[in-house]
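Keep in mind that the numbers below use all heavy atoms, side chains included, and drop hydrogens, waters and symmetry copies. Note that the structure is predicted; figures quoted are calculated from it, not measured.
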Amino acid sequence: MDLRDYFDFIDDTSIRIKGHRVYIDEVLEEHLKGKAPEEILYCFKNLPLEKIYATLLYYEVNKVEIDAYLQRVRQYHEKSRQEWQTTQGPTLAIVEERNRLKKERERLIAEGKFDPILDRPAS
């Protein structure tokens with residue numbers, strides 16, 4: 001099987017893992033944060049470990065091309081976020097609070113005070 005067979009190449013900012021609603025940039029961003037493949041599996045519970053490894057291998061084999069892809073995706077997301085902010089006003093406070101809570105959860109996980117697998121405070 002060719003490594004590219006694992007993916008659906010949709011456009012310049014959309015490469016999806018075949019058979020799933022997960023895009024490779026989502027998996028790669030977790031990888032670039034330092035997460036191991038098994039940890040990434042917890043982020044995408046319906047994604048087989050084989051496809052996570054295929055994504056990471058595809059990245060390593062095509063690093064220059066995929067780094068450029070990731071930059072395009074980040075720019076697209078930032079542009080979309082800015083457009084959304086200008087049109088959604090009051091909803092922004094809710095989003096900011098959700099982001100604050102997400103960062104707090106990540107901090108607690110890093111400190112070992114929260115178990116992300118059980119989704120509750122660590123015992």
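- Looking at heavy atoms from C-beta onward, Pro48 lies in side-chain contact with His20 at the 4.5 angstrom threshold.
- Atom NZ of Lys102 is separated from atom CD of Glu106 by 5.5 Å, given to the nearest 0.5 angstrom.
- When all heavy atoms of Ile15 and Tyr69 are compared, the pair lying nearest together is N-OH, 3.1 Å.
- Counting heavy atoms from C-beta outward, Lys51 and Phe44 have side chains that stay 4.5 Å or more apart.
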| When you look at Ile24 and Ile66, which way does the side chain to side chain contact (heavy atoms under 4.5 Å, CB included) test go after all the steps? | CA-CA 9 Å; Ile24 68 167; Ile66 299 304; 4.2 Å; yes
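- Not a single donor-acceptor pair under 3.5 Å links the side chain of Asp2 to the backbone N or O of Asp5.
- The main-chain N or O of Glu60 is never found under 3.5 Å from a side-chain atom of Lys63 such that the two would form a donor-acceptor pair.
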| field | Criterion side chain to side chain contact (heavy atoms under 4.5 Å, CB included) on Phe7 and Ile17, from CA distance to verdict | value | CA-CA 5 Å; Phe7 311 106; Ile17 298 173; 4.2 Å; yes
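- Note that CD1 of Ile52 and CG of Leu28 are 11.0 Å apart. Values are rounded to the nearest 0.5 Å.
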| request: Take Tyr23 and Ile10 through the test side chain to side chain contact (heavy atoms under 4.5 Å, CB included) and record every step on the way to the result. | output: CA-CA 10 Å; Tyr23 293 84; Ile10 300 166; 4.1 Å; yes
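- Side-chain atoms of Asp67 and Gln71, non-hydrogen and from C-beta on, never get closer than 4.5 Å to each other.
- Between the CG atom of Asp12 and the OH atom of Tyr76 there is a distance of 12.0 Å, given to the nearest 0.5 Å.
- Grouping the Ile, Leu, Val, Met, Phe, Trp and Tyr side chains by contacts below 4.5 angstrom, directly or via other members, places Tyr42 apart from Ile109.
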| field | Full working for side chain to side chain contact (heavy atoms under 4.5 Å, CB included) between Leu49 and Tyr53 | value | CA-CA 6 Å; Leu49 191 57; Tyr53 276 111; 3.5 Å; yes
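- Considering NZ of Lys79 and CD of Gln82, their distance stands at 10.0 Å, rounded to 0.5 Å.
- Remark: Arg105 fails to qualify as a cation-pi partner of Phe114 under the 6.0 Å distance and 45° angle criteria applied to the six-membered ring.
- Atom NZ of Lys35 and atom CD of Glu29 lie 11.5 Å apart (nearest 0.5 Å).
- Taking CG of Leu70 as the reference point, atom CD of Glu65 lies at 10.5 Å (rounded to 0.5 Å).
- Between Tyr58 and Tyr6, the ring centre distance reaches or exceeds 6.0 Å.
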